[in-house]
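Each chain gets a letter, A, B and so on, in the order the sequences are listed, and its residues count up from 1.
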Number of protein chains: 2
Amino acid sequence: MRRDVFQAIADPTRREIIGLLANKSLTLNGVAENFEISRPAISKHIKILTECGLVIIKQQGRERFCAVDFNRLKEVAEWVTQYHRFWNEKLDALGSFLEGE
Amino acid sequence: MRRDVFQAIADPTRREIIGLLANKSLTLNGVAENFEISRPAISKHIKILTECGLVIIKQQGRERFCAVDFNRLKEVAEWVTQYHRFWNEKLDALGSFLEGE
DNA sequence: GGTTTATGTAACTATTCGGTTGCAAAATTA
DNA sequence: TAATTTTGCAACCGAATAGTTACATAAACC
């Protein structure tokens, strides 16, 4: 079962969860309240997010608080920004490509 | 069928294809030569990449040259960097969270 | 102790994914 | 014109996804 950050953020619901948790940590039910889908569905998303380290959980009595560890997004940022010099410019294959090589 | 950039880059083979095409545009067979998997499998990956605008194809006789349009990666970069201020710092939920709120 | 609350988890379903093989079609080359 | 090359596409397959409902468990409250 592939479980990396890229796959974790591929799902729009999971990106929303990350957005929600950016401001304040929430319990699982607290997260679920913000969505239409069922609580177990959210639970599964959270599980995927914790499996790749994007979300950290702290048990507090019967509640489980979720928070985002944004350091894990670095991997994504690094992958994306390696191509930064290609944006808006025509240094890349697309440049000569569009100009008819 | 969801077909956005996040989902497109979720697959490691597709990220490799993007890396390959960053330097020079290649034909479909040219791309396929770099992988173990079959040509139709690569063809499907390319289709997904074109459907979300990450790859552009130019027909040239019987050959189809593929190039990456990196501008589409901006969407990803923007999503990621909105959380940039949270990295290495303890401004976020995780900070107070780990310190026992 | 009994009820409520927060969560986990199992079982199931439909759809999508990532791959395969086989065949068709169109352009190029001999 | 015939053979080769490049690609598209259909049909199929097994596994993963994203969701559901139903039930179990453990902590908290009365």
**Asked** D11(A) CG to dC17(C) C1': how many Å, rounded?
**Response** 14 Å
**Message:** For R15(A) versus I9(A), what's the shortest heavy-atom pair and its separation?
**Reply:** NH1-O, 2.7 Å
**Request:** Give the rounded distance in Å between these two atoms: CD1 of I48(B) and C1' of dG18(C).
**Result:** 8 Å
**Asked** Do side-chain atoms of R14(A) reach the backbone of H45(A) as a donor and acceptor pair under 3.5 angstrom?
**Response** no
**Prompt:** Above 12 or not: heavy atoms from other molecules or residues under 6.0 Å from CD of Q59(B)?
**Reply:** yes
**Message:** If I take atom CD in residue E36(B) and atom P in nucleotide dG18(C), what distance separates them, rounded to the nearest angstrom?
**Reply:** 18 Å
**Complete:** K47(A) has its side chain closest, among dA18(D), dT9(C), dC17(C), to dT9(C)
**Donor-acceptor under 3.5 Å (T81(B) side chain, H84(B) main chain)** = no
**Asked** E63(A) side chain: which of dT7(C), dG19(D), dG19(C) is closest?
**Response** dT7(C)
**Item:** d(CD, E51(B); C1', dT16(C)) in whole Å
**Value:** 13 Å
**Fill in**
To the nearest angstrom, the NE2-C1' distance between H45(A) and dT17(D) comes to 9 Å
**Complete:** Heavy-atom contacts, protein to nucleotides 21-30 of chain D, under 4.0 Å, summarised as B (base), S (sugar-phosphate only) or - (none) per nt, yield BB----BS--
**Prompt:** Do the side chain of T50(A) and the main chain of I46(A) share a donor and acceptor less than 3.5 angstrom apart?
**Reply:** yes
**Asked** How do T27(B) and K44(B) order along DNA chain D: which one's closest nucleotide is nearer the 5' end?
**Response** T27(B)
**Item:** Euclidean distance, atom CZ of residue F35(B) to atom C1' of dG18(C) [Å, nearest integer]
**Value:** 14 Å
**Request:** Just say parallel, tilted or perpendicular for the rings of W79(B) and Y83(B), cut-offs at 30° and 60°.
**Result:** perpendicular
**Request:** Please report the shortest heavy-atom distance between R39(A) and A32(A), naming the atom on each side.
**Result:** CG-CB, 4.0 Å
**Message:** What is the separation between atom CG on L28(B) and atom P on dT7(D), rounded to the nearest whole Å?
**Reply:** 5 Å
**Item:** Whole-Å distance separating the CZ atom of F65(B) from the C1' atom of dT6(D)
**Value:** 11 Å
**Item:** Contact under 4.0 Å: Q59(A) side-chain N or O vs dT7(C) OP1/OP2
**Value:** no
**Message:** So if I take every side-chain heavy atom of I37(A) and compare against dT20(D), dT7(D), dC12(D), which nucleotide ends up nearest?
**Reply:** dT20(D)
**Message:** Does a side-chain N or O of N29(B) approach OP1 or OP2 of dT7(D) to a distance below 4.0 Å, or not?
**Reply:** yes
